*Asks:* 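Please see the structure below; I have some questions.
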There are 2 protein chains.
Amino acid sequence: MAAPSSSDAERQRDKDRTRADILDVATREFADKGYTGARVDEIAERTSTTKRMIYYYFGGKEQLYIAVLERAYLAIRALEAELDVEHLAPEDAIRRLAELTFDHHEAHPDFIRLVSIENIHRAEHIARSEVLAGLANPALDGLTQILERGRAAGRFRADVDPLDVHMVISSFCVFRLANRHTFAAIFGRDMLDPGRREHYRSMLGDMLVDYLTS
Amino acid sequence: MAAPSSSDAERQRDKDRTRADILDVATREFADKGYTGARVDEIAERTSTTKRMIYYYFGGKEQLYIAVLERAYLAIRALEAELDVEHLAPEDAIRRLAELTFDHHEAHPDFIRLVSIENIHRAEHIARSEVLAGLANPALDGLTQILERGRAAGRFRADVDPLDVHMVISSFCVFRLANRHTFAAIFGRDMLDPGRREHYRSMLGDMLVDYLTS
DNA sequence: TTGTGTTAACTAACTAGGTCGTACATAGGA
DNA sequence: TCCTATGTACGACCTAGTTAGTTAACACAA
């Protein structure tokens with residue numbers, strides 16, 4: 001490693017920008033068309049660089065896809081880590097966490113689609129990623145503390161596993177986005193209708209609190 | 001139209017059998033690899049017939065895929081229509097319905113995968129199917145009656161929409177199957193572990209009853 | 001019964017258009 | 001001269017869909 005000169009730093013910045021550019025385009029393409037449906041040529045065309053560069057930077061289609069997944073998961077986990085609910089009553093804290101997840105998923109439909117796609121592939125790519133395999137959810141720590149506090153205060157039932165609660169929150173928020181198209185096609189209801197947003201958002205909190213305090 | 005001779009009937013049976021054979025194989029292939037990932041050649045090879053026959057019977061890859069979706073939805077709806085809970089108390093009826101959906105989804109992972117895949121494609125194929133677009137869920141009628149009974153008896157809250165309850169049930173049951181791979185990769189928990197099955201099955205009913213009676 | 005025309009069921013081989021990945025050439029800084 | 005970075009062009013393979021032709025069953029007239 002040579003000592004970094006200013007031009008080295010510049011070049012590194014350029015490189016990072018090119019990588020980020022490719023990842024932006026690739027994220028949209030993979031989220032849109034799935035792993036098999038995505039076209040490397042298409043990604044290259046929508047990038048300020050060439051296909052050759054994609055192979056130069058990432059090695060291949062699969063490694064590019066894994067890089068896309070890694071960045072998407074890391075971004076979402078970074079946001080989750082900011083959760084701060086220690087000053088709230090347990091019930092309100094649970095509602096707050098549910099709302100955070102709710103908002104979060106709604107704001108990142110690409111991420112939800114990538115997760116769906118990755119599940120179709122039985123998470124084989126995540127398993128192959130050293131960054132992601134076993135990457136725990138930071139929100140889980142906050143959730144564990146909330147449940148602990150609620151239980152200590154005698155307000156929450158004692159037999160609840162944080163991961164189960166996380167699963168319920170995720171299932172509600174993920175389903176609303178991931179299955180909205182078949183749901184709309186069959187029942188004629190758009191789960192993302194802005195007019196119903198608040199209803200769903202508070203419904204999840206209500207359900208959780210009712211269950212935890214029963 | 002000639003009067004149906006016995007050989008006509010036989011030929012129709014053969015034809016139906018060939019169609020069903022192709023659909024069986026195609027269901028597995030599409031559920032396994034997704035629409036784009038599925039290979040018509042592969043389906044043909046695993047069938048007792050040839051690729052040309054698939055085009056002969058179904059017209060193309062997309063029409064074959066739609067036929068697979070139609071059959072899968074129709075099969076599941078037929079089972080749902082058998083729900084009979086009028087003799088149960090509203091709380092028990094809700095639990096029964098939730099368990100039926102829970103068991104059902106668990107027993108039909110291929111169907112869940114097809115639904116996930118179809119959502120990745122924004123339900124464009126379902127929308128194109130005359131059979132499926134607007135095919136309501138028979139279980140929804142049962143659910144509506146249960147909620148009505150519970151409300152009339154003063155045991156259930158009044159402000160609950162059947163479709164919302166259906167959504168909660170579906171989200172829980174679907175998430176458990178559809179997202180099990182990424183969930184396992186990241187949290188190290190297999191949501192389909194038989195040892196946890198009863199826990200999840202009753203947890204869903206508990207949650208619903210807690211919410212509806214709150 | 002036999003010959004003939006007709007139609008549905010079926011098949012192998014092919015085509016046209018992609019699709020990932022690579023070989024090669026080049027430029028320019030250290 | 002070596003290394004990183006980049007562009008062009010191509011090759012090997014794959015895949016949905018088609019073409020052109022075969023087989024088998026049947027209807028009906030002679």
Side-chain angles (χ1 to χ4, degrees), chain A residues 1-23 25-26 28-30 32-68 117 121 124-125 128, chain B residues 1-23 25-26 28-30 32-68 117 121 124-125 128:
Chain A
M1 295 276 183
S5 75
S6 78
S7 67
D8 272 358
E10 272 167 34
R11 238 172 313 166
Q12 187 59 39
R13 256 204 311 283
D14 281 356
K15 199 166 162 175
D16 288 349
R17 214 157 355 103
T18 305
R19 279 183 65 100
D21 179 24
I22 294 171
L23 284 174
V25 176
R28 250 169 288 143
E29 175 80 1
F30 282 122
D32 204 43
K33 315 258 188 71
Y35 177 71
T36 319
R39 299 286 164 242
V40 178
D41 284 304
E42 190 80 10
I43 293 169
E45 202 165 313
R46 290 216 269 262
T47 301
S48 60
T49 179
T50 63
K51 183 164 72 154
R52 181 68 186 78
M53 281 295 92
I54 293 176
Y55 280 87
Y56 185 72
Y57 281 125
F58 296 95
K61 186 182 184 181
E62 184 175 9
Q63 284 134 294
L64 173 60
Y65 174 68
I66 290 175
V68 163
I117 290 161
H121 292 279
E124 54 176 299
H125 306 100
R128 211 166 301 159
Chain B
M1 292 275 185
S5 74
S6 75
S7 65
D8 272 358
E10 270 168 35
R11 238 173 309 164
Q12 187 58 41
R13 256 203 311 283
D14 281 357
K15 200 167 162 177
D16 288 349
R17 212 157 355 102
T18 305
R19 279 184 66 99
D21 179 25
I22 295 171
L23 284 173
V25 175
R28 251 169 287 143
E29 175 80 1
F30 282 120
D32 203 44
K33 315 258 187 70
Y35 177 72
T36 319
R39 299 289 163 240
V40 177
D41 285 304
E42 190 79 11
I43 294 169
E45 203 165 313
R46 290 215 269 264
T47 301
S48 61
T49 180
T50 63
K51 182 163 74 154
R52 186 65 189 81
M53 280 295 93
I54 294 176
Y55 281 86
Y56 185 74
Y57 280 125
F58 295 94
K61 186 184 186 182
E62 184 176 8
Q63 283 134 295
L64 173 60
Y65 174 68
I66 290 175
V68 163
I117 289 162
H121 293 279
E124 52 176 298
H125 306 100
R128 212 166 300 159

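Because only heavy atoms are used, hydrogens play no part in the values below, and waters and symmetry mates are left out as well, while side chains stay in. Letters A, B, ... are given to chains in the order of the sequence lines, protein chains preceding strands, and every chain is numbered from 1. Bear in mind that the values here come from a model prediction, so they are computed numbers and not experimental data.
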*Asks:* Which distance, rounded to the nearest 0.5 Å, do you find between the OH of Y56(B) and the OG1 of T49(B)?
*Replies:* 11.0 Å
*Asks:* Has K61(A) got its NZ or CZ under 6.0 Å from the middle of the six-membered ring of Y35(A), at an angle within 45 degrees of the ring axis?
*Replies:* yes
*Asks:* Looking at Y57(A), does any N or O in its side chain come under 4.0 Å of the phosphate oxygens OP1/OP2 on dT6(D)?
*Replies:* yes
*Asks:* Please report the distance, rounded to the nearest Å, between CD1 in I22(A) and P in dA5(D).
*Replies:* 12 Å
*Asks:* Are any non-hydrogen side-chain atoms of H121(B) and T36(B) less than 4.5 angstrom apart?
*Replies:* yes
*Asks:* Nearest 0.5 Å, please: how far is CD1 in I43(A) from CD in E29(A)?
*Replies:* 5.0 Å
*Asks:* Between P on dT22(D) and OH on Y56(B), what's the gap in Å once rounded to a whole number?
*Replies:* 18 Å
*Asks:* Among residues at least two apart in sequence or on other chains, which ones pass salt bridge (charged side-chain N to carboxylate O under 4.0 Å, His left out) with D21(A)?
*Replies:* none
*Asks:* What is the distance, to the nearest angstrom, from the CD atom on E45(B) to the P atom on dT15(D)?
*Replies:* 12 Å
*Asks:* How does protein reach along nucleotides 14-28 of chain C, written 5' to 3' as B (base within reach of a heavy atom under 4.0 Å), S (only sugar-phosphate), or - (no contact)?
*Replies:* -----SBBBBB----
*Asks:* Less than 4.5 Å apart, any side-chain heavy atom of Y55(A) and any of V40(A)?
*Replies:* yes
*Asks:* What is the distance, to the nearest angstrom, from the CE atom on M53(B) to the C1' atom on dA16(D)?
*Replies:* 16 Å
*Asks:* It should be established whether T50(B) places a side-chain nitrogen or oxygen under 4.0 Å from OP1 or OP2 of nucleotide dC10(C).
*Replies:* no
